[in-house]
Amino acid sequence: MKEQKVSRPKARLPRGFRDRSGAEIAAERKILDTIRTVYESYGFAPLETPAFEYTDALGKFLPDVDRPNEGVFSLQDDDGQWLSLRYDHTAPLARYVAENFQFLPKPFRRYAVGPVWRNEKPGPGRFRQFTQFDADTVGSNSSTADAELLMMLADTLEALCLERGEYVVKVNNRKLLDGVLEAAFVDNSRRGTVLRAVDKLDRLGVDGVRALLGEGRKDDSGDFTKGAGLNETQIERVLTFSTPGATLDSVAPAVAGSAAGEAGLKELEAILSVVRGCGFGEERIAFDTGIVRGLDYYTGPVFEAQLTFKVKNDDGQDVVFGSVAGGGRYDDLVARFTGQTVPATGVSIGVSRLLTAMTQRGLTGSTAPLIVVLAMGDAAGSFAVACELRAAGFAAEAYVGNKKVPDQLKYADKRGAALVVMEGDDERDKGEIILKDLKAGAEVAKTVETRADWVGARAGQSIVKRANLVAEVEKLLGRT
RNA sequence: GCAGCUGUAGCUCAGUUGGUUAGAGCGCCGGAUUGUGGAUCCGGAGGUCGGCGGUUCGAACCCACCCAGCUGUACCA
């Protein structure tokens, strides 16, 4: 009988998702702890909502049953209702506030952290699951709420050990650009296209955006993007407004006569007056007309935090790192549920992006040095040793595999263990125990030529009294 | 969605104008070594050459279609 070839599944990650382990998790934990500490010090309280929401609660409609909507991961519950994984923390917040409105203190201030999912095409540095850390104030239309978020963001970045000048929190107001468009007689139907074009200013440059505001732009691959179709005068007015270096005074004429524009100016003045009054200068929080944010739901102030230092991409090339946090005011989100307008403002930190940048700045998450106790005959004995070391505050494991000693050492090596403890029959009889410093041994190995020399060298090893185990280990590893 | 590039062992890749049995390094397993990590040496397992058709005496290689991945771009509540 012939062997039937069994078809096996290919071991592979779904596109756009990542496995993470060890140092990366430890580093992220450090970042999350820091952000949490700052947010809580500002009086924001944690709120956890589930990964799934009803699809309509996320603001998605259901055009056809097979594909509830692009962009979200969805599935149908056994009662036929559609559920979707959250794509941000803001939509679940709106649902929560609407559902619990009568019980909540207003303004309601909460932070939320966790993974969000987007069913989109992944790219370099762009995944279908990533972590966001949000803080929002719901139920206040005061500019102090916006100003507070800007300051909190600046403080958070410094708590993460970024120096003054290595980051800048930028603020703008949607109403200003609305004013410019109004004053330039740009049709309201083109507003979205214009916003998206201006948002690409940092990536495409002035010429690229000019093309997108006009007829359109052909990219490197030859693909053509239809533009907003503005005329020369209109394009110039938008570009003049958006180009860096504007001040509140310098943009005032461009929006004069527009109610929206003047309201935007007032809001920005109010925000900046609080911020400056608290001692936050230009180098930390700055007005920048180039910030627009793509999202439709922003209605007023919009913010973005940017890193000013160079970061390397996977190919080792320097790239200008975009924003690591964004946010703004959205006054209409809760109204979807209650019909009642509830003003809100919030900020969201892209933790994964921030982690990439911080890692290159040398941030590392350290884990406790590991001690591996080899299995040499007496299983209970090796566990007793590990147990004793754990009680003394070390991370220690007894080897639970079934290999011989050389393989156990390879295992410890591969684990990155700092120390190996060996207690064979000979040592046990004499009331002794062997401590082997793997890092010291690795140094010795570099100069060893033959295998016999290496085996005989017992590199990095010392024999100590069994009774002094903890004290000797403390001497080698130091106390944590 | 549009465009370009790439699919060969678990991973990274080589494979001559189309020619016999498709290779290397790493990793894995066994040994040199029953209680000492590295380096080295010996041996071994592991392949529908992305899929399906076509051209040919003969296809990993040429052609058509499909699929997947990567990169850019668009969309992104």
Side-chain angles (χ1 to χ4, degrees), chain A residues 4-8 10-16 53 55-61 68-72 74 84 86-88 90-92 94 116-126 128 192-193 195-197 199-200 203-204 208 212 216-227 293-298 313-315 330 332-333 336 372 374-377 403-417 419-428 434-461:
Chain A
Q4 280 281 327
K5 189 84 183 175
V6 290
S7 96
R8 298 194 175 87
K10 192 162 170 62
R12 57 187 188 136
L13 266 173
R15 195 164 60 109
E53 295 281 348
T55 303
D56 61 351
L58 290 180
K60 306 308 286 185
F61 54 100
N69 220 316
E70 293 194 46
V72 295
S74 302
S84 296
R86 65 180 176 217
Y87 53 81
D88 67 12
T90 310
V116 301
W117 295 268
R118 293 189 189 176
N119 192 2
E120 296 167 350
K121 190 191 145 184
R126 202 169 172 189
R128 296 205 286 176
T193 314
L195 287 177
R196 286 194 294 276
D199 196 37
K200 296 181 174 65
R203 190 156 50 86
L204 301 181
L212 283 176
R217 171 178 179 271
K218 192 180 263 191
D219 66 52
D220 295 339
S221 69
D223 193 27
F224 184 77
T225 310
K226 199 170 179 300
R293 309 290 301 165
L295 273 60
D296 266 348
Y297 61 64
Y298 291 129
N313 64 11
D314 292 341
D315 299 328
Y330 50 97
D332 301 327
L333 244 52
R336 281 200 6 253
V372 174
L374 300 199
M376 295 174 79
K403 295 294 183 88
K404 295 165 188 164
V405 168
D407 289 309
Q408 296 192 37
L409 280 161
K410 279 183 190 168
Y411 166 81
D413 201 31
K414 214 161 192 171
R415 286 294 310 275
L419 202 65
V420 163
V421 177
M422 293 182 268
E423 186 185 32
D425 296 335
D426 296 349
E427 289 77 28
R428 213 173 349 258
I434 300 172
L435 304 183
K436 190 178 180 72
D437 182 335
L438 290 187
K439 294 202 170 50
E443 287 301 314
V444 174
K446 288 176 186 164
T447 61
V448 172
E449 290 300 321
T450 72
R451 196 195 135 68
D453 287 347
W454 166 244
V455 170
R458 299 282 195 267
Q461 234 168 270

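Quick caveat: nothing in here was measured; it's all calculated off a predicted structure. Below, all heavy atoms of this structure are taken into account, side chains as well, without hydrogens, waters or symmetry copies. By convention in this document, chain letters (A, B, ...) are assigned in the order of the sequence lines, proteins followed by strands, and residues within each chain are numbered from 1.
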Quiz prompt | Candidate pair A/Lys404 and A/Asp407, rule salt bridge (charged side-chain N to carboxylate O under 4.0 Å, His left out), full reasoning | solution = CA-CA 6 Å; A/Lys404 295 165 188 164; A/Asp407 289 309; over 6 Å; no
Exercise. Would you state whether a donor and an acceptor, one from the side chain of A/Gln461 and one from the base of B/rU36, lie under 3.5 Å apart?
Key: yes
Self-check item: Derivation and outcome, side chain to side chain contact (heavy atoms under 4.5 Å, CB included), residues A/Tyr87 and A/Val72
Solution: CA-CA 7 Å; A/Tyr87 53 81; A/Val72 295; 3.6 Å; yes
Quiz item: Below 3.5 Å, does any donor atom in the side chain of A/Lys410 face an acceptor in the base of B/rG38, or the other way round?
Solution: no
Quiz item: P atom, B/rC42 versus B/rC26: distance in rounded Å?
Solution: 12 Å
Self-check item: Selection from B/rU36, B/rA77, B/rG37 that lies nearest to any side-chain heavy atom of A/Asp413
Solution: B/rG37
Practice problem: With heavy atoms under 4.0 Å as the rule, sort A/Ala459 into base, sugar-phosphate or nothing. | Solution: base
Exercise. For A/Arg12 and B/rC11, give me the distance from atom CZ to atom C1', rounded to whole Å.
Key: 16 Å
Exercise. State whether the aromatic ring of A/Tyr87 stacks on the base of B/rA77, taking stacking to mean ring centres under 5.5 Å apart and ring planes under 30° to each other.
Key: yes
Quiz prompt | side chain to side chain contact (heavy atoms under 4.5 Å, CB included), paired with A/Arg128, selected from A/Glu120, A/Arg15, A/Arg118 | solution = A/Arg15
Practice problem: Would you classify A/Glu423 as touching base, sugar-phosphate or nothing, given that sugar-phosphate means primed atoms plus P, OP1 and OP2, and contacts are heavy atoms under 4.0 Å? | Solution: nothing
Exercise. Find the distance A/Arg196:CZ to B/rA77:C1' and express it as a whole number of Å.
Key: 12 Å
Quiz prompt | Whole-Å distance separating the CG atom of A/Asp199 from the C1' atom of B/rA74 | solution = 14 Å
Quiz item: Expressed in whole Å, how much space separates the P atoms belonging to B/rG18 and B/rG25?
Solution: 28 Å
Self-check item: Option from A/Asp413, A/Leu409, A/Ile434 for which side chain to side chain contact (heavy atoms under 4.5 Å, CB included) with A/Val420 holds
Solution: A/Leu409
Quiz item: What integer number of Å spans the C1' atoms of B/rU12 and B/rC63?
Solution: 30 Å
Practice problem: Can you tell me, in whole Å, how much space there is between the P of B/rC11 and that of B/rG1? | Solution: 27 Å
Quiz item: Across the strands shown, which category fits A/Lys414 at heavy-atom distances under 4.0 angstrom: base, sugar-phosphate, nothing?
Solution: sugar-phosphate
Quiz item: Taking CD from A/Glu120 and C1' from B/rU73, how many angstroms apart are they, rounded to a whole number?
Solution: 14 Å
Quiz item: Taking only N and O in the side chain of A/Arg118, is any of them less than 4.0 Å away from OP1 or OP2 of B/rA77?
Solution: no
Practice problem: Classify the side chain of A/Arg126 versus the base of B/rC76 as yes if they form a donor-acceptor pair under 3.5 Å and no if they do not. | Solution: yes
Practice problem: Measure the distance from CG on A/Leu195 to C1' on B/rA74 and round it to the nearest whole Å. | Solution: 17 Å
Self-check item: Inter-nucleotide P distance (B/rG4, B/rC66), Å rounded
Solution: 13 Å
Quiz item: Base, sugar-phosphate alone, or nothing: which one does A/Asp437 contact when heavy atoms must sit under 4.0 Å apart?
Solution: base
Exercise. Could you tell me whether the side chain of A/Tyr297 reaches within less than 4.5 Å of the side chain of A/Leu333, counting heavy atoms only?
Key: yes
Practice problem: Would you please test A/Gln461 and A/Lys436 for side chain to side chain donor-acceptor pair (under 3.5 Å) and show each step? | Solution: CA-CA 4 Å; A/Gln461 234 168 270; A/Lys436 190 178 180 72; 3.0 Å; yes
Self-check item: Polar side-chain contact A/Lys404-B/rU33 base: donor and acceptor under 3.5 Å
Solution: no
Quiz prompt | Separation of B/rU34 P from A/Lys403 NZ (nearest whole Å) | solution = 15 Å
Quiz prompt | Within-4.5 Å side-chain heavy-atom neighbours: A/Leu435 and A/Val421 | solution = yes
Quiz prompt | Touch class at under 4.0 angstrom, heavy-atom based, for A/Ala91 against every strand present | solution = nothing
Exercise. Give the rounded distance in Å between these two atoms: CG of A/Leu435 and P of B/rU36.
Key: 18 Å
Quiz item: How is A/Leu374 classified with respect to the nucleic acid when contacts are heavy atoms under 4.0 Å: base, sugar-phosphate, or nothing?
Solution: nothing
Quiz item: How far does the P atom of B/rG43 sit from the matching atom of B/rA24, given to the nearest Å?
Solution: 12 Å
Quiz item: Is it true that A/Glu53 and A/Arg86 have a side-chain N and a carboxylate O under 4.0 angstrom from each other?
Solution: no
Self-check item: Whole-Å C1' distance, B/rA9 and B/rG44
Solution: 14 Å
Quiz item: Is there a donor-acceptor pair under 3.5 Å between the side chain of A/Glu443 and the backbone N or O of A/Ala440?
Solution: no
Quiz item: Has the side chain of A/Lys200 got a donor or acceptor atom sitting under 3.5 Å from an opposite partner on the base of B/rU73?
Solution: no
Quiz prompt | Heavy-atom side-chain proximity of A/Ser74 to A/Asn119 below 4.5 angstrom | solution = no
Exercise. Would you sketch RNA chain B in dot-bracket for me? Only Watson-Crick or G-U wobble pairs with both distances under 3.5 Å count, crossing pairs as [ ], other-strand pairs as |, the rest as dots.
Key: (((((((..((((.....[...)))).(((((.......))))).....((.((..]....)).)))))))))....
Quiz item: Separation of A/Leu409 atom CG from B/rU33 atom C1', in whole Å?
Solution: 13 Å
Quiz item: Under 4.0 Å: is that the gap between some side-chain N or O of A/Arg15 and OP1 or OP2 of B/rG69?
Solution: yes
Self-check item: A/Lys121 side chain, from C-beta outward: closest of B/rG37, B/rG30, B/rG72
Solution: B/rG72
Exercise. Check every strand shown and say whether A/Asp88 touches a base, only sugar-phosphate, or nothing at a heavy-atom separation below 4.0 Å.
Key: nothing
Practice problem: Tell me what A/Tyr411 touches on the nucleic acid: a base, only sugar-phosphate, or nothing, going by heavy atoms under 4.0 Å. | Solution: nothing
Practice problem: Give A/Asp426 one of three labels, base, sugar-phosphate or nothing, depending on what nucleic acid heavy atoms sit under 4.0 Å from its own. | Solution: base
Quiz prompt | Whole-angstrom distance between B/rG50 and B/rC61, as gauged at atom C1' | solution = 15 Å
